[in-house]
There are 2 protein chains.
Amino acid sequence: MMVSMQRNTRQRTAILDALGRQDDFRSAQQIHEQMRADGETVGLATVYRNLQTMAHGGQVDVLVTDDGESIYRQCAQSGHHHHLVCRECGRTVEFQAPQVEDWARRVAREHGFTDVDHTMEIFGLCPEHSGAPSDDASSSGA
Amino acid sequence: MMVSMQRNTRQRTAILDALGRQDDFRSAQQIHEQMRADGETVGLATVYRNLQTMAHGGQVDVLVTDDGESIYRQCAQSGHHHHLVCRECGRTVEFQAPQVEDWARRVAREHGFTDVDHTMEIFGLCPEHSGAPSDDASSSGA
DNA sequence: TCAACTCTGATAATCACTCTCATGTTCGCC
DNA sequence: GGCGAACATGAGAGTGATTATCAGAGTTGA
């Protein structure tokens, strides 16, 4: 199968640059907005397209929020890892969890599941925002 | 705060009933479609509204798919638990993971995060669908 | 039965995201 | 440096899931 070559464009570079300057997960629209504010002229469709491509290629991480919005972040770790995200400010800590990987694999095997993949993210309040009463205190699991 | 009372309606009952008869995660639209097929006359908005209310009340579990769609399921376990879901047929196994809970709590504490919550779901191919080469069918059809 | 008060549902609206396709860029090649 | 084919861009239309509207129907306690 012939994989079409990926070209370097001003826009792609600008998006990577914008991602590099932020430390939290952002939606495509937020990233687009920020770029416009920074003087870049990039189309929204282009931002979506590139983020998607980068996510597919593993250059950026994607998370899907509770309301179905995709948020992106350029992570320091290139391999498989998880996130600890602040609900208030989006501040993110990356971490690895070999025990969890093992656990997931074992549970899957016990039930005869194969080709296993999993998601695990932790949400909470970072030190900066702990103690700040977040009016919405309903934390339903799952 | 005064919480308005929840009334029993034919529709609410029918939705719970429909949920009770299925074993996999389904989208609101799929559930609505199934109910119509079963002869129920229920509005789509009503299905959405009730599923949301039930999810908030913990009577049903919600998952958000990669493409941002919310899928619902009435789980056997009422407390906090996780899911092992087949990518092909949606077949779901519930399980508990105390070790993972502990791990999540510890990681959060190490970084000074409080009010911690987390998500963890495992996706794979159930015994029935293992081995079946799912080239293009990577989407959770159903 | 009656009068709240809630729930329903057809439809319009919203919102994130994708598609279209004419035009702009990139890059290997001379 | 210039060419050209193939890929990328972007403005706007389209899509699909979900939510808001709001008048009328259903439910409930008294």
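Because the structure is a prediction, the values reported are computed rather than measured. Below, chain A is the first sequence line, B the second, and so on; all start at residue 1.
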Phosphate oxygens OP1/OP2 of C:dC15: is one of them under 4.0 Å from a side-chain N or O of A:Q29?
-> no
Treat primed atoms plus P, OP1 and OP2 as sugar-phosphate and everything else as base, then score nucleotides 18-30 of chain C 5' to 3': B for base contact with protein heavy atoms under 4.0 Å, S for sugar-phosphate contact only, - for none.
-> BB-----BBS---
A:N50 CG to D:dG10 C1', straight-line distance once rounded to whole Å | 12 Å
Rounded interatomic separation in angstrom, taking CD from B:E69 and P from D:dT19 | 12 Å
Round to a whole Å and report the spacing from CG of B:D66 to P of D:dA17.
-> 16 Å
Those residues that, when tested against A:H80, pass ring-ring contact (aromatic ring centres under 6.0 Å, His included) (two or more places apart) | A:H82, A:H118
In whole angstroms, the gap separating P of D:dA17 from CG of B:L51 amounts to 15 Å
Write down the atom of A:T46, the atom of A:Q11, and the distance for their closest heavy-atom approach.
-> CG2-CB, 4.0 Å
Single-linkage hydrophobic cluster B:L44~B:V42, side-chain heavy atoms < 4.5 angstrom | no
Examine distances only and state if a side-chain atom of A:T65 and a backbone atom of A:L63 form a donor-acceptor pair shorter than 3.5 Å.
-> no
Of the residues in residues 56-64 of chain A, which ones touch DNA chain C at a heavy-atom distance under 4.0 Å?
-> none
Mind calculating the distance between CG (B:D67) and C1' (D:dG16) to the nearest angstrom?
-> 11 Å
Decide if atom CG of A:D23 counts as having more than 12 heavy atoms of other residues, nucleotides or ligands within a radius under 6.0 Å.
-> yes
Would you say the side-chain atoms of A:Q99 and B:Q99 include a donor-acceptor pair closer than 3.5 Å?
-> no
Residue set satisfying salt bridge (Lys or Arg N to Asp or Glu O under 4.0 Å) with B:R10, at least two apart, ordered chain then number -> none
B:F123/A:T119 under side chain to side chain contact (heavy atoms under 4.5 Å, CB included): CA gap, chis, key distance, verdict = CA-CA 8 Å; B:F123 301 94; A:T119 66; 4.2 Å; yes
For the pair made of CZ in A:R12 and P in D:dC7, what is the distance, rounded to whole Å?
-> 13 Å
With A:F25, which residues qualify under ring-ring contact (aromatic ring centres under 6.0 Å, His included), at least two apart?
-> A:H83
Flag yes if more than 12 heavy atoms outside B:E33 fall under 6.0 Å of its CD atom; otherwise flag no.
-> no
Which part of the nucleic acid does B:T41 contact within heavy-atom distance under 4.0 Å: base, sugar-phosphate only, or nothing?
-> sugar-phosphate
Should we count CG of B:D66 as having more than 12 external heavy atoms under 6.0 Å?
-> no
Can you tell me how far C1' of D:dT18 sits from NE2 of B:H32, to the nearest Å?
-> 14 Å
Which atom names give the shortest non-hydrogen contact between A:Q74 and A:Q59, and what distance separates them?
-> CG-O, 3.9 Å
Assign each of B:S70 and B:Q11 the nucleotide of DNA chain D bearing its closest heavy atom; nearer the 5' end lies the nucleotide of B:S70
Which whole-number value in Å describes the distance from A:E33 CD to C:dC15 P?
-> 13 Å
Counting any heavy atom closer than 4.0 Å, what does A:S27 reach on the DNA or RNA strands: base, sugar-phosphate only, or nothing?
-> nothing
The helix from C:dT1-D:dA30 to C:dC30-D:dG1: angle between its terminal axes, five pairs each, to 10°?
-> 40°
